[in-house]
There are 2 protein chains.
Amino acid sequence: MVKYESDELGRTFQALADPTRRAILARLETEPALSVSALAEPFPMQLNAVMKHLDVLSDAGLVARHKSGRTVSVTLTPQPMEAAMAWLQRYERFWTASLDRLAAFVETPPEA
Amino acid sequence: MVKYESDELGRTFQALADPTRRAILARLETEPALSVSALAEPFPMQLNAVMKHLDVLSDAGLVARHKSGRTVSVTLTPQPMEAAMAWLQRYERFWTASLDRLAAFVETPPEA
DNA sequence: CAGACACTTCACCACATGGTGAAGTATGAA
DNA sequence: TTCATACTTCACCATGTGGTGAAGTGTCTG
C-alpha cells in the first residue's frame, strides 16, 4: 500500500469524493474568494476539520490559499478538474449513442 | 464520521480515485466482457485484492458481474459517470472562457 | 466420485481518513 | 504592551482502505 506515486488524477478524484469538499468547491464557484473561517462557518464541524479538507483540496491543486494580514483567502483553481473531465469523457459514448449496444454486451456470454 | 448517507456521487469519485480501479475500467472500455481472473491477471496483486476493487466498483454501480457456470464476467455500467461529468461541467467555464477573470480573482483581496 | 478450476470469504495487518480538543503562532487593534 | 482574532499545528481516536495468506463454495472434467 505504498502509494509513493504522484497520481494527480487520483488525488483529484479523491478530493472530490467527500461531500464537504464538494460543498466547499461549490461555494467557491459563486463566491470567488472566501476566508478560511467564512468557508468553515456553515459546516457542523470544527475549524480544524475544515482545515484538513482545505489541505486535501490544495494538495490536489483545486484551491489556493493567499495570506493577507491575518486572514487567509481561499480561491478556486479548478484546472485539475479538466483532466478528470477528459478521463470521464472517454466513456461518454456508453451513455449516449450506444446504450443499446452496451445492453447487448451485458447479456453476452463471457467468452465473446 | 458516520457516513450514513448514500452519496452516490461520492462513491463514484471514490471508486475512480484508485489507479488500479481506473485501469480495470479502461480495460473494460475496449474489452467489453472479461472474467474476474482475466481482469486480475495483469495486476501485481492477489485475486483477493482485485475482488475488493471490483466490490468497490460494483457498489458504485460502475461495473456489473454476471455469473455463467463457474466464471464471472464483468461488464462496464458507466452510467454513474454521467453525474460525475455533470458535476464537473459546472466548473468548465473556469478553464475555458474566463481564465483571465479567474486569475484576477486569485489576486483579489479577501473582502472583495 | 475425485479433483481441478474460478471465484468468494475470512481473519488479519499497516496505513490513510475524517473527526475531536487543546495548544501554538502571527497579526491587527486598544 | 496587552489582548483578541484568524489560522495552524499537535496529539489522539475510530473507522475505512488496500493489501496479504488461507480456507470455503460451486461448477466443470476425467
Side-chain angles (χ1 to χ4, degrees), chain A residues 1-7 9-25 28 33-60 62-75 109-111, chain B residues 1-7 9-25 28 33-60 62-75 109-111:
Chain A
M1 229 195 94
V2 198
K3 202 162 261 180
Y4 54 88
E5 51 179 330
S6 53
D7 192 15
L9 197 53
R11 276 207 305 277
T12 304
F13 282 129
Q14 180 66 37
L16 296 176
D18 186 278
T20 301
R21 289 195 288 265
R22 287 200 305 278
I24 288 174
L25 293 173
L28 288 172
L34 288 169
S35 70
V36 170
S37 43
L39 260 180
E41 189 270 332
F43 296 107
M45 64 183 71
Q46 300 307 108
L47 197 58
N48 315 341
V50 176
M51 289 281 307
K52 288 200 190 180
H53 285 304
L54 288 176
D55 288 344
V56 173
L57 286 170
S58 38
D59 281 358
L62 290 167
V63 303
R65 289 191 248 205
H66 304 91
K67 184 167 188 171
S68 71
R70 65 182 161 179
T71 80
V72 171
S73 69
V74 180
T75 54
E111 62 277 12
Chain B
M1 232 194 91
V2 198
K3 202 161 263 181
Y4 54 87
E5 51 180 329
S6 52
D7 192 15
L9 196 52
R11 276 207 305 275
T12 303
F13 281 129
Q14 180 66 37
L16 296 176
D18 186 278
T20 301
R21 289 194 289 265
R22 287 200 305 279
I24 289 174
L25 293 172
L28 288 172
L34 288 169
S35 71
V36 170
S37 43
L39 260 180
E41 189 270 332
F43 296 107
M45 64 184 69
Q46 301 307 108
L47 196 59
N48 316 341
V50 176
M51 288 281 307
K52 288 201 192 180
H53 286 303
L54 288 177
D55 287 344
V56 173
L57 287 170
S58 39
D59 282 358
L62 290 167
V63 302
R65 287 190 249 203
H66 305 90
K67 184 168 188 172
S68 72
R70 66 183 163 181
T71 80
V72 171
S73 68
V74 179
T75 54
E111 62 277 10

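Convention: sequence-line order gives letters A, B, ...; per-chain numbering from 1.
- Closest contact between the side chain of A/Ala49 and the listed nucleotides C/dG19, C/dC7, D/dG19 involves C/dG19.
- One can place CG of A/Asp59 at 12 Å from P of C/dG18, the figure rounded to the nearest angstrom.
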For nucleotides 21-28 of chain D, just jot down a letter per nucleotide in 5' to 3' order: B, S or -, based on protein non-hydrogen atoms under 4.0 Å.
-> BB----BB
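- Remark on DNA chain D: of its neighbouring residues A/Leu47 and B/Pro44, the 5'-side contact belongs to A/Leu47, judged by nearest-heavy-atom nucleotide.
- If you take CG of B/Leu34 and C1' of C/dC7, they are 15 Å apart, rounded to a whole angstrom.
- Counting to the nearest Å, the P atom of C/dA26 and the NE2 atom of A/His66 are 20 Å from each other.
- Between the side chain of B/Arg65 and the backbone N or O of B/Val72, no donor-acceptor pair lies under 3.5 Å.
- The nearest heavy atom of DNA chain C to A/His53 and to B/Lys52 marks one nucleotide each, and the one closer to the 5' end goes with B/Lys52.
- With rounding to whole Å, A/Glu41 atom CD is found 15 Å from D/dA6 atom C1'.
- Within the 4.0 Å cut-off from OP1 or OP2 of D/dT8, at least one side-chain nitrogen or oxygen of A/Arg65 is found.
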Under the side-chain contact (heavy atoms from CB on, under 4.5 Å) criterion, do B/Leu54 and B/Leu39 qualify, and how do the steps go?
-> CA-CA 10 Å; B/Leu54 288 177; B/Leu39 260 180; 4.0 Å; yes
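- Here C/dC7 is the nucleotide among C/dC7, D/dG19, D/dT8 with the atom lying nearest to any side-chain atom of B/Ser35.
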Determine, step by step, whether B/Asp18 and B/Lys52 satisfy the salt bridge (charged side-chain N to carboxylate O under 4.0 Å, His left out) criterion, reporting the C-alpha distance in whole Å, the side-chain angles of both residues, the deciding distance to 0.1 Å, and the verdict.
-> CA-CA 12 Å; B/Asp18 186 278; B/Lys52 288 201 192 180; over 6 Å; no
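- The distance from atom CD of B/Gln14 to atom P of D/dG16 is 12 Å, rounded to the nearest whole Å.
- Note that the CG atom of B/Leu62 and the OG atom of B/Ser58 stand 9.0 Å from one another [nearest 0.5 Å].
- Distances shown here put a side-chain N or O of A/Ser37 below 4.0 Å from the OP1 or OP2 atom of D/dC7.
- B/Arg21 places no side-chain N or O within 3.5 Å of a backbone atom of B/Leu16 that could act as its donor or acceptor partner.
- For the pair A/Asp18 CG and C/dA16 P, the computed distance is 18 Å after rounding to whole Å.
- Rounded to whole Å, atom P of D/dG16 lies 15 Å from atom CG of B/Asp55.
- One atom, CE of A/Met45, and another, C1' of C/dG19, lie 8 Å apart when rounded to the nearest Å.
- The one candidate from B/Val63, B/Thr20, B/Asn48 that meets the side-chain contact (heavy atoms from CB on, under 4.5 Å) condition with B/His53 is B/Thr20.
- Once rounded to the nearest 0.5 Å, the distance linking OG of B/Ser35 with CZ of B/Arg70 reads 11.5 Å.
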